[in-house]
Amino acid sequence: MRRIALLFTFLIVAGNFLYGQNSSGHQKKTSSFFPIAVWFQNPSNAAAYKALGINMYVGVNLDQEKLDQLKKINMKVIAPMNKFGLEHVSDSIIYAWMQTDEPDNAQARKGSKGFEPCIDPAVIIKNYEEIKKRDPSRPVYLNLGMGVSNTGWHGRGECAGRYDMYKISNNGYLKGCDIASFDIYPVNTTDKVFKDKLWYVPKGIDSLKVWSANTKPVWCWIECTRIGEDCRRKPTVSEVKSEVWMALIHGANGFGYFCHTFTPTYTEAGLFKDPGMMEAIREINKQVTALAPELNSPGTPGYATAVSSNPSVPVDIMTKNYRGADYIFSVAMRDGSTTVEFNVKSGKKAEVIGENRSIKIRRGKFSDEFAPFGVHLYKIK
């Protein structure tokens, strides 16, 4: 029995090393892996997504064929726990197990029209405990709906406004997972509350971090297609980049793309119909992956401040230090131009990452111009 126990412990430790996280889902601080996912996509397209810098599939119901397709190119997967998955529990390609999607929304009534209330958080917590009993070596992933950010959203039915149902301190949804995520699509929506307000993406990240008492990794989903027929337009390349970096600067530990389109015809891999967006996403993912060690490093609060010349366009920043270098990641949070003055505690030059330019730092200060929802990333030397 002792040999079996030691072997099981070894599998857990080895698995966590391969996943780049511990069993509660936290990224290792030195990890060079940063989760970039796609939602409910066919594994037959895994190689094409891999070429765009995607490293994670979420929502695949595993069987032998799908597992083989994902393993062939080393694509991690978050899947609902099924019999086949449990028979392959030692396979490191399985990153996490997935809970019921969007339990915080009103639930479609089976067999008839109408909706049932949102799922009781106690059910999600119980499911979590059952999954962890069957496989304690992996984190459990839970995706929540747009009510995380738009707390009064009517799609939660009678649960609308009940943000207490999320809080880990209230035995809410966040007690039923190790990794929490949510989705909100400001460009695609017709809801006037958050239409074109890209900052609702980081608003949801902030909520998840507060409600989980900063104890869990938090992810989000990014729009990149025109999703439905009632959507007037699809997001632009710059809007997608802004949503990604707004989320990261507010502390997202991973993110993914919603790639479907539903009009004029349903296309699961709708992103592949838009070469310009594909190339943009490739570049975004390349940059995020290159900066993964920095993103996974501890923050350095107090290293820098940013003051916007346009009061209606705040600029949010995140600072990091990795291997002796300081970094400032910054994004304009509104649809307007501004000039930003940065004050830093050290450094002589700010290299603007990916822009082939640098800015001199004089007396601890430097300035830069920001376009609407603009993103600038700096390495301070």
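Please read these numbers as outputs of a predicted model, since none were measured by experiment. The figures that follow rest on heavy atoms only: side chains count, while hydrogens, waters and symmetry mates do not.
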CA sep, side-chain torsions, deciding dist, call: Tyr141, Met98, side-chain contact (heavy atoms from CB on, under 4.5 Å): CA-CA 5 Å; Tyr141 167 86; Met98 182 178 179; 4.0 Å; yes
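- A donor-acceptor contact closer than 3.5 angstrom is absent between the side chains of Tyr200 and Asn150.
- Atom CZ of Arg232 sits in a sparse spot, with 12 or fewer heavy atoms from other residues, nucleotides or ligands closer than 6.0 Å.
- Classification of Lys132 and Glu129 as a salt-bridged pair fails, no side-chain N sitting under 4.0 Å from a carboxylate O.
- Between the CZ atom in Phe262 and the CG atom in Asp230 there is a gap of 11.0 Å [rounded to 0.5 Å].
- Residue Arg282 qualifies as enclosed at atom CZ: its count of foreign heavy atoms under 6.0 Å is above 12.
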Apply the test side-chain contact (heavy atoms from CB on, under 4.5 Å) to residues Leu291 and Phe34: give CA-CA distance (whole Å), side-chain angles for both, the deciding distance (0.1 Å), then the verdict. CA-CA 9 Å; Leu291 291 168; Phe34 199 89; over 6 Å; no
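- Between Asp196 and Arg233, at least one side-chain N (NZ, or NE/NH1/NH2) sits under 4.0 Å from a carboxylate O, which counts as a salt bridge.
- Taking the six-membered ring for Trp, Tyr173 and Tyr128 have ring centres at least 6.0 Å apart.
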Apply side-chain contact (heavy atoms from CB on, under 4.5 Å) to residues Gln41 and His260 and explain how you reach the verdict. CA-CA 9 Å; Gln41 294 293 300; His260 296 68; 3.2 Å; yes
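- Between Ala325 and Lys379 the shortest heavy-atom distance is CB-CE, 3.8 Å.
- For the residue pair Ser137/Asp135, the side-chain donor-acceptor check at 3.5 Å is satisfied.
- Note on Lys83 versus Glu87: salt bridge recorded, some NZ/NE/NH1/NH2 to OD/OE distance being below 4.0 Å.
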Please assess Ile73 against Tyr49 for the test side-chain contact (heavy atoms from CB on, under 4.5 Å), listing each intermediate value before the final yes or no. CA-CA 10 Å; Ile73 60 167; Tyr49 279 116; over 6 Å; no
When you look at Phe342 and Tyr303, which way does the ring-ring contact (aromatic ring centres under 6.0 Å, His included) test go after all the steps? CA-CA 10 Å; Phe342 294 91; Tyr303 169 74; over 10 Å; no
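- In the displayed structure, Lys195 atom NZ is contacted under 6.0 Å by more than 12 heavy atoms of other residues, nucleotides or ligands.
- With respect to Asp274 and Lys234, a salt bridge is recorded, a charged nitrogen being found less than 4.0 Å from a carboxylate O.
- Residues passing the salt bridge (charged side-chain N to carboxylate O under 4.0 Å, His left out) test with Asp164, sequence neighbours excluded: Arg162.
- Residue Asp68 is tested with Lys66, Gln64, Lys72 for a side-chain hydrogen bond (donor to acceptor under 3.5 Å, both in side chains); the sole match is Gln64.
- If you run side-chain contact (heavy atoms from CB on, under 4.5 Å) between Trp39 and each of Asp101, Ile222, Asp183, only Asp101 comes through.
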